[in-house]
K.L.:
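Please read through the structure below; I'll follow up with questions.
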Amino acid sequence: MKINKLKSLIAGTALAAGVGFSATAQSSLAHTGDWKSYSKDATIEAKVDSLLALMTLEEKIGQMTQFPGKTAVTGPAIQDDYKEYMEKGLVGSMFNVFGAKGLRQLQQYAVENSRLNIPVLFAADIIHGYKTTFPIPLAESCSWDLELMERSARIAAEEGTAAGISWTFAPMIDTSRDPRWGRVMEGAGEDVYLGKKVAEARVKGFQGIESWEDFGKPNTMLATAKHFVAYGAAEAGRDYNTTDMSDRTLRETYFPPFEAAIDAGVATFMTSFNEIGGVPCTGSKYLYSDVLRGEWDFRGTVVTDYTAINEMVDHGFAEDLKEAAQKSLDAGIDMDMNGAAFIKHVGALIEEGKITEDHVNQAAARILELKFILGLFEDPYRYMDEEREAATIEKAEYFEEARRNAQRSIVLLKNENNTLPLAKKEKKKVALIGPFVKERMSLNGDWAIKGDRKKSVTLEEGLMAAYKKSKVDFLYAQGATLPRKIEAENAKTAEEIQSKVEEALAVAQDADEIIVAAGEFWKWTGEAASRTDITLPKSQKALLRALKELNKPITLVLMGGRPLDLSWEEENMDAILETWYLGTQAGHAIADVISGDYNPSGKITLTFPRNVGQIPIYYNHKNTGRPEDPAKWADYKSTYLDVPNTPLYPFGFGLSYASFEYKNLNLSSDEFSKGGNITASIEVTNTSKVDGEEIVQLYIRDIAGSVTRPVKELKGFEKVMIKAGETKTIEFSIDESTIEFLTFNNVVAPEAGKFNLWIGTNSADISNAASFRYVENANN
Ligand code: BGC
């Protein structure tokens with residue numbers, strides 16, 4: 001995906017510029033032992049040690065170097081410049097090269113032509129599918145279905161490992177609360193509790209292991225917790241921008257998904273591009289040595305983000321690349337992605353006594369350990385089996401799962417007068433309008449690594465298949481074009497826009513109702529795709545306004561990678577379906593929801609603001625000393641003059657074709673003490689005539705603490721299928737783990753006092769509330 005950029009980098013400043021080793025560093029290549037002769041039963045540590053003892057300094061630094069791939073559609077070709085490095089044993093890892101055949105060739109060259117025959121570790125950004133493309137991660141998180149997320153990561157790993165990859169740069173687990181930031185599409189939204197669960201599910205899915213020994217199986221892969229840390233808090237939502245926050249906020253909001261990933265056994269971490277408190281993360285001793293390896297005892301490998309060491313010079317944290325290399329090694333970084341900082345400068349840094357060889361030994365050992373764990377020394381080609389690749393990629397069952405997943409990622413935001421579903425048996429003319437009706441290229445979204453964009457099912461194709469035998473007639477007009485670049489959209493003249501609108505009006509006036517498919521071209525969200533204006537593109541907005549004048553029911557089907565400002569749409573559209581980018585099976589899944597073959601169940605995991613000025617806006621904010629409480633403050637309160645404090649759609653919000661009633665909230669007791677617990681239960685009735693799934697959410701508020709607590713915190717959820725007319729009782733257990741937090745004394749502990757509790761259908765639902773107390777025991 002970023003191949004051109006990669007090519008220019010390698011050809012220019014970075015790896016191709018040469019390897020800066022001194023004579024002493026290039027010690028004799030002769031060796032006396034052979035790692036292959038060591039017993040297979042020796043511990044991995046012993047194997048690593050014995051191999052390290054045979055390696056020159058240069059070879060060890062080579063292990064710490066990750067090369068970018070020069071990939072072709074059919075697989076990578078061995079390039080002359082790789083050959084030279086491979087022959088010297090300097091290519092520890094390569095990324096974004098694919099395909100069993102090509103990678104086998106590369107591996108063979110590396111293994112057969114280097115002195116110690118050490119295999120290369122192949123990595124890639126397998127984020128939401130490899131070939132079979134699943135919904136973008138933000139969309140998938142709206143399913144709140146952890147098993148579903150684990151399964152899609154597993155399928156991505158099955159396909160990716162069959163294509164030669166044994167390390168993915170995923171999951172991205174950055175908490176993010178700013179829809180201006182294009183990379184919100186890649187994570188699980190704003191919430192810490194949900195973020196931890198999703199991190200865990202995705203790590204488990206990608207790695208596919210019960211214990212470390214399982215990495216020996218050829219369908220398992222190393223996962224990466226990225227980007228450590230607080231990358232999602234970029235000031236003003238501008239990608240790569242500075243972040244700054246208290247250590248408390250880091251620990252409460254940004255660290256937890258990373259700790260959860262470690263608990264789930266994640267093998268590697270990636271640094272982030274941003275600085276925090278004046279220190280670029282890639283050079284932060286605090287983050288990598290003190291917290292990650294010290295406090296959390298993480299034993300795995302840390303790779304930089306793409307040229308992140310080099311960027312420390314631009315940050316103003318190092319005068320040159322050499323100093324940057326030193327600072328990142330000091331911080332505890334093991335592998336340099338694409339930057340050539342280690343390969344060029346570590347030899348000299350050791351000679352000058354600025355770092356020790358121990359640094360290098362430790363980092364190289366961690367990387368070799370991964371290769372031993374994956375069994376690459378026993379069989380360097382274990383991931384490169386063309387037959388397995390052919391049998392695994394794009395299996396029919398993966399496509400079925402992608403469709404199921406996409407159905408569950410859709411969120412119904414509005415449905416006035418039961419505009420949806422669109423019955424198949426009613427005789428109707430429906431105008432399909434908008435640039436996304438036939439749009440195919442956007443459907444996979446950003447980070448769809450090898451998913452064939454030309455194969456993804458469009459909305460039109462999905463609807464045609466679903467309504468083939470129906471009485472519904474579809475008409476079509478594009479109504480607005482979809483430029484790839486925002487500049488081109490902005491440059492459209494009023495006449496150009498109007499002439500496309502006229503086409504649409506001519507078609508739509510013959511229809512009984514209208515479905516408009518609108519949104520952002522896929523390049524408008526993702527990396528380096530921040531926006532300050534998060535409304536629909538102006539020509540699409542003009543189209544909607546004109547269609548509104550026809551006074552017919554309008555369903556807006558949205559595609560995009562971020563919450564948009566939909567204030568006008570909420571007021572003027574009859575139904576709104578947020579479909580994000582749903583991947584390979586997008587059109588089918590949307591048609592399933594439009595037709596009611598699948599009853600939508602998704603709920604948003606990132607707040608939709610009323611306008612861009614409210615950002616950052618998230619449900620678990622603090623109360624302030626002057627909250628919006630009419631009983632207390634008529635004026636001089638923490639509000640805006642022009643919009644309410646509330647969002648357009650709150651976290652956890654999403655509708656169904658069914659309707660659910662919550663009642664009889666009950667607490668087993670109104671207090672508990674150390675070691676104890678209480679049960680909160682509620683009855684949820686499906687009061688409609690259709691079966692539906694509901695995501696029942698538990699929130700609490702700690703009324704007073706040694707530090708202030710948010711107005712609400714998600715502490716549990718359950719996704720349940722409730723049949724028409726059925727009532728289910730949902731229970732949550734509340735104990736110390738529910739109420740503990742990082743106290744003023746910097747320990748995670750519960751504090752005695754009063755708590756409010758709500759169980760409801762979204763974070764703003766306060767209709768079922770109760771309170772309880774946590775009391776200290778006499779011996780506390
Ligand atoms: C991104 C990472 C990604 C890497 C390799 C970087 O620009 O920030 O998330 O893994 O590129 O493609």
K.L.:
Test side-chain contact (heavy atoms from CB on, under 4.5 Å) on Thr161 and Ser166 and set out the steps.
P.N.:
CA-CA 6 Å; Thr161 54; Ser166 46; 5.6 Å; no
K.L.:
State, with a plain yes or no, whether a side-chain heavy atom of Thr282 is found less than 4.5 Å away from one of Asp305.
P.N.:
no
K.L.:
Could you go through Asp297 and Arg293, starting from their C-alpha distance and side-chain angles, then the distance that decides it, and tell me whether this counts as salt bridge (Lys or Arg N to Asp or Glu O under 4.0 Å)?
P.N.:
CA-CA 5 Å; Asp297 197 23; Arg293 300 209 195 274; over 6 Å; no
K.L.:
Yes or no on salt bridge (Lys or Arg N to Asp or Glu O under 4.0 Å) for Arg251 and Glu295, after CA distance, side-chain angles and deciding distance?
P.N.:
CA-CA 12 Å; Arg251 287 174 184 273; Glu295 288 179 37; 2.9 Å; yes
K.L.:
Using modelled atom types only, decide if a donor and an acceptor are shared between the side chain of Ser272 and the backbone of Ala230 within a distance under 3.5 Å.
P.N.:
no
K.L.:
Please answer whether the main-chain N or O of Leu250 pairs with a side-chain N or O of Thr253 as donor and acceptor at a distance below 3.5 Å.
P.N.:
no
K.L.:
Okay, side chain of Arg382, backbone of Lys217: is any donor-acceptor separation there less than 3.5 Å?
P.N.:
no
K.L.:
May I ask you to test the Cys281-Phe273 pair for a side-chain heavy-atom distance under 4.5 Å?
P.N.:
no
K.L.:
So, the side chain of Asn96 versus the backbone of Asp125: is there a donor-acceptor pair under 3.5 Å, distance only?
P.N.:
yes
K.L.:
Looking only at the side chains, is there a donor atom on one of Glu527 and Tyr240 sitting less than 3.5 Å from an acceptor on the other?
P.N.:
yes
K.L.:
Decide if the gap between the ring center of Phe95 and the ring center of Phe122 is smaller than 6.0 angstrom.
P.N.:
no
K.L.:
To check you understand the geometry: which heavy-atom pair defines the closest contact between Leu54 and Leu116, and what is its length?
P.N.:
O-CD1, 4.0 Å
K.L.:
Could you go through the side-chain contact (heavy atoms from CB on, under 4.5 Å) check for Met335 and Phe342 one step at a time?
P.N.:
CA-CA 8 Å; Met335 188 181 273; Phe342 289 171; 5.8 Å; no
K.L.:
Looking only at side chains, do Asn274 and Thr243 share a donor and an acceptor under 3.5 Å apart?
P.N.:
yes
K.L.:
Rounded at 0.5 Å granularity, tell me how far CG in Asn310 sits from CG in Asp320.
P.N.:
11.5 Å
K.L.:
Could you report the tightest heavy-atom contact between Thr271 and Ile333, atom names first, then the distance?
P.N.:
CG2-CD1, 3.5 Å
K.L.:
Examine the side chains of Tyr109 and Glu87 and answer whether a donor and an acceptor come within less than 3.5 Å of each other.
P.N.:
yes
K.L.:
Give me the atom names and distance for the closest heavy-atom approach of Leu52 to Ala364.
P.N.:
CD2-CB, 4.0 Å
K.L.:
At what distance, to the nearest 0.5 angstrom, does CG of Leu51 lie from CD1 of Ile118?
P.N.:
4.5 Å
K.L.:
Closer than 3.5 angstrom, by distance alone: can the side chain of Gln107 be matched with the main-chain N or O of Val120 as a donor-acceptor pair?
P.N.:
yes
K.L.:
Could you tell me if the side chain of Val203 sits less than 4.5 Å from the side chain of Ile262, heavy atoms only?
P.N.:
no
K.L.:
Give me the one residue out of Leu103, Ile165, Thr220, Asn219 that meets side-chain contact (heavy atoms from CB on, under 4.5 Å) with Tyr383.
P.N.:
Thr220
K.L.:
Please evaluate residues Ile355 and Val346 with respect to the criterion side-chain contact (heavy atoms from CB on, under 4.5 Å), reporting the C-alpha separation (whole Å), side-chain torsions for both, the decisive distance (0.1 Å), and the verdict.
P.N.:
CA-CA 8 Å; Ile355 55 165; Val346 167; 3.8 Å; yes
K.L.:
Let's go through Asn113 and Met86 carefully: what are the C-alpha distance in whole Å and the side-chain angles of both, what is the deciding distance for side-chain contact (heavy atoms from CB on, under 4.5 Å) to 0.1 Å, and is it a yes or a no?
P.N.:
CA-CA 7 Å; Asn113 294 287; Met86 280 180 167; over 6 Å; no
K.L.:
Look at the side chain of Ser530 and the backbone N and O of Gly237, then say whether any donor-acceptor pair between them is shorter than 3.5 Å.
P.N.:
yes
K.L.:
Could Glu150 and Arg202 be called an ion pair, given the rule that one side-chain N must be under 4.0 Å from one carboxylate O?
P.N.:
no
K.L.:
Working to the nearest 0.5 angstrom, can you tell me the gap between Asp247 CG and Asn746 CG?
P.N.:
7.0 Å
K.L.:
Should Ser93 and Trp167 be marked as a side-chain hydrogen bond (donor to acceptor under 3.5 Å, both in side chains) after you check the CA-CA gap, both sets of side-chain angles, and the distance that decides it?
P.N.:
CA-CA 10 Å; Ser93 174; Trp167 182 10; over 6 Å; no
K.L.:
I need the minimum non-hydrogen distance between Gly205 and Ala157, along with the two atoms involved.
P.N.:
O-CB, 4.3 Å
K.L.:
Heavy atoms, side chains only, cut-off 4.5 Å: are Glu200 and Asp263 in contact?
P.N.:
no
K.L.:
Inspect the contact between Lys60 and Glu357 and indicate whether a charged nitrogen and a carboxylate oxygen are less than 4.0 angstrom apart.
P.N.:
yes
K.L.:
Rounded to the nearest 0.5 Å, how far apart are OG1 of Thr301 and CD1 of Ile367?
P.N.:
5.5 Å
K.L.:
Would a 4.5 Å heavy-atom cut-off, applied to side chains only, mark Arg177 and Thr175 as touching?
P.N.:
yes
K.L.:
Is the terminal nitrogen or CZ of Lys226 (NZ for Lys, CZ for Arg) located under 6.0 angstrom from the six-membered ring centre of Trp447 and within 45° of that ring's axis?
P.N.:
yes
K.L.:
In this structure, are over 12 heavy atoms from other groups packed under 6.0 Å from Arg238 atom CZ?
P.N.:
no
K.L.:
Are Asp178 and Arg180 close enough for a salt bridge, meaning some N to O gap below 4.0 Å?
P.N.:
yes
K.L.:
Would you confirm whether His345, through its side chain, and Ala340, through its main-chain N or O, come within 3.5 Å as a donor-acceptor pair?
P.N.:
no
K.L.:
I'd like to know if the side chain of Glu352 and the backbone of Leu349 have a donor-acceptor N/O pair within less than 3.5 Å.
P.N.:
no
K.L.:
Which is it for Lys204 and Glu210 under the salt bridge (Lys or Arg N to Asp or Glu O under 4.0 Å) test, yes or no, and what are the steps along the way?
P.N.:
CA-CA 9 Å; Lys204 279 194 197 152; Glu210 294 292 327; over 6 Å; no
K.L.:
Take Lys327 and Glu323 through the salt bridge (Lys or Arg N to Asp or Glu O under 4.0 Å) test and state the conclusion after the steps.
P.N.:
CA-CA 6 Å; Lys327 287 194 162 174; Glu323 192 187 354; 3.7 Å; yes
K.L.:
Compare all side-chain heavy atoms of Gln63 with those of Lys371 and state whether any distance is below 4.5 angstrom.
P.N.:
yes
K.L.:
For the ring pair (Phe, Tyr, Trp, His ring centres under 6.0 Å) test, which of Phe269, Tyr231, Trp296, Tyr288 pairs with Phe258?
P.N.:
Phe269
K.L.:
Are the side chain of Thr133 and the backbone N or O of Gly129 linked by a donor-acceptor pair below 3.5 Å?
P.N.:
no
K.L.:
Nearest 0.5 Å, what's the CG-CD1 distance between Leu222 and Ile373?
P.N.:
8.0 Å
K.L.:
Side chains of Trp181 and Asp239: any donor to acceptor distance under 3.5 Å?
P.N.:
yes
K.L.:
Provide the closest heavy-atom pair for Thr224 versus Phe169 in the form atom of the first, atom of the second, distance.
P.N.:
OG1-CA, 3.6 Å
K.L.:
Is there a side-chain contact between Met149 and Pro171 in this structure, where contact means two heavy atoms from C-beta onward sitting under 4.5 Å apart?
P.N.:
no
K.L.:
Of all the heavy-atom pairs spanning Asn338 and Thr307, show the shortest one and how long it is.
P.N.:
O-CG2, 3.6 Å
K.L.:
Supply the atom-to-atom distance Asp174 CG to Arg183 CZ, rounded to the nearest 0.5 angstrom.
P.N.:
7.5 Å
K.L.:
Within the 4.5 Å heavy-atom criterion, are Arg366 and Gln362 side-chain neighbours or not?
P.N.:
yes
K.L.:
Is it the case that more than 12 heavy atoms not belonging to Glu45 sit under 6.0 Å from its CD atom?
P.N.:
no
K.L.:
Please check: side-chain N/O of Asp379 versus main-chain N/O of Tyr381, any donor-acceptor pairing under 3.5 Å?
P.N.:
yes
